[in-house]
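See below for the structure under consideration.
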Amino acid sequence: MTRLTKKNFKDRVYEIVKKVPKGKVTTYGEVAQVLGKVRWARQVGWALHQNKQSLRSSSFDKLRTAGLKDSNVPCHRVVDRNGRLAPNFAFNGAKEQRRRLEVEGVEFVDRAHVDLEKCLWQG
DNA sequence: GATCTGACTATCT
DNA sequence: AAGATAGCCAGAT
C-alpha cells in the first residue's frame, strides 16, 4: 500500500471519484475517509478545484471527440455532507451541476439538496 | 514562519 | 431550516 502523499493526493481523489457510478453521489468526507484522512474534506474539495482548471484546456474537447467522455472526473457527483451542491461548481455554476445530476437520475429532496439516503454511494 | 483562504464538517443558535 | 462559529489542514502571500 502506497503511502498517501501530497503529490499523489489529487490523483487518488480522482481515482475514487471516477468510481462513483452514474446516478450516485459521494461526499468530500467519504472520499477523505477512503483515503484514511477523515479530516481532509477541504483538501478533497481543493483537489477537485484543481481538476476543474485542467478541464478548461482545449484538450477537453479533443478527449471528448475521441469518445473519452469519462477521461475527466465526474466532479458533479461530489456533494457536501448535507447533499448541498458546491456554491460555485466549476465555471458553470451550481445550476449546471444540479442539472447534470438530475439527468443521471439523482433525486433531490428539495431545490438545493440531493437525496443522500438513496443516492449516496457506498463502496 | 505567520497569516489568510477555502468545491468541508460538526455543533450551536 | 438556515446562519454563525470553531476546528480542520494544504497552498498561497
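Reminder, nothing fancy here: chain letters follow the sequence lines and each chain counts from 1.
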Any Lys/Arg nitrogen of A/R100 or A/E104 sitting under 4.0 Å from an Asp/Glu carboxylate oxygen of the other?
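Looking at A/E104 together with A/R100, the answer is no, because their closest N to O distance does not fall below 4.0 Å.
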Is A/R99 salt-bridged to A/E96, cutoff N-O under 4.0 Å?
yes
Rounded interatomic separation in angstrom, taking [atom1] from [X] and [atom2] from [N]:
X      : N      : atom1 : atom2 : answer
A/Q50  : C/dG11 : CD    : P     : 9 Å
A/L116 : B/dT9  : CG    : C1'   : 13 Å
A/F108 : C/dA1  : CZ    : P     : 16 Å
A/H49  : B/dA7  : NE2   : P     : 6 Å
A/K37  : C/dA10 : NZ    : C1'   : 12 Å
A/K10  : C/dA10 : NZ    : C1'   : 12 Å
A/L48  : C/dA10 : CG    : C1'   : 15 Å
A/D110 : C/dA1  : CG    : C1'   : 9 Å

Once rounded to the nearest 0.5 Å, what's the spacing between atom CH2 of A/W121 and atom CG of A/L116?
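CG of A/L116 is found 14.5 Å from CH2 of A/W121.
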With rounding to the nearest 0.5 angstrom, report the CG to CZ distance, A/L120 to A/R81.
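Spacing of CG (A/L120) from CZ (A/R81) equals 6.5 Å.
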If you check every side-chain atom of A/W46, which of B/dA10, B/dA7, C/dA10 has the closest atom?
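The answer is C/dA10.
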According to the interplanar angle, ranging from 0 to 90°, do the rings of A/F9 and A/W46 count as parallel (below 30°), tilted (30 to 60°) or perpendicular (above 60°)?
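Taking A/W46 first and then A/F9, their aromatic rings lie parallel (interplane angle under 30°).
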Between A/C75 and A/L48, does the side chain to side chain contact (heavy atoms under 4.5 Å, CB included) criterion hold? Intermediate values first, please.
CA-CA 7 Å; A/C75 47; A/L48 293 176; 4.3 Å; yes
Contacting residues from residues 38-45 of chain A, given that a heavy atom lies under 4.0 angstrom of DNA chain C:
A/R39, A/W40, A/R42, A/Q43
